[in-house]
Amino acid sequence: MPPREWIFLECSECGTRYYRTTKSTSTMKQAGKLELSKFCPKCRLHRPHKERKK
Ligand SMILES: [Zn+2]
């Protein structure tokens, strides 16, 4: 198993951290900062979510 790091995905609008995920260190080297479009329950919309370390 490659080393993994826990990260949170934080809504770029309201700052809600609704998603927690892991990513492998190999992915981290490739992509840099992770940004995903996820559903935010507070905004009730899909928003870009940026990674935040805990
Ligand atoms: Zn939000």
Side-chain angles (χ1 to χ4, degrees):
M1 285 261 291
R4 284 184 170 270
E5 184 182 3
W6 282 103
I7 56 164
F8 291 93
L9 295 175
E10 183 181 281
C11 175
S12 61
E13 290 295 318
C14 70
T16 295
R17 297 181 186 186
Y18 189 67
Y19 298 96
R20 190 176 70 162
T21 188
T22 59
K23 62 178 184 178
S24 68
T25 52
S26 57
T27 306
M28 198 161 55
K29 281 175 194 167
Q30 289 171 9
K33 283 274 179 181
L34 196 66
E35 187 172 327
L36 294 170
S37 182
K38 291 279 193 180
F39 183 80
C40 175
K42 195 171 177 184
C43 300
R44 297 185 176 186
L45 286 169
H46 277 81
R47 296 284 199 197
H49 281 61
K50 289 181 181 175
E51 67 164 75
R52 285 278 189 271
K53 287 171 188 175
K54 59 184 175 181

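The basis for the numbers below is simple: all heavy atoms, side chains too, and nothing from hydrogens, waters or symmetry mates. In this text the structure is predicted, and so the values were computed from the model without any measurement.
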Quiz item: side-chain contact (heavy atoms from CB on, under 4.5 Å) with T22: which residues, sequence neighbours excluded?
Solution: R4, W6
Self-check item: Residues which pass side-chain contact (heavy atoms from CB on, under 4.5 Å) with K38, listed by chain and number, not counting sequence neighbours
Solution: L9, Y19, L36, H49
Self-check item: Electrostatic pair K50-E10, nearest N-O below 4.0 angstrom
Solution: no
Quiz item: Residues in ring-ring contact (aromatic ring centres under 6.0 Å, His included) with Y18, at least two apart?
Solution: none
Practice problem: Would you please name every residue forming a side-chain contact (heavy atoms from CB on, under 4.5 Å) with P48, sequence neighbours left out? | Solution: S12, E35
Practice problem: Indicate the atoms forming the closest heavy-atom contact of R20 with F8, along with that distance. | Solution: CD-CE2, 3.7 Å
Self-check item: Distance, nearest 0.5 Å, that separates NZ of K53 from CD of E5
Solution: 4.5 Å
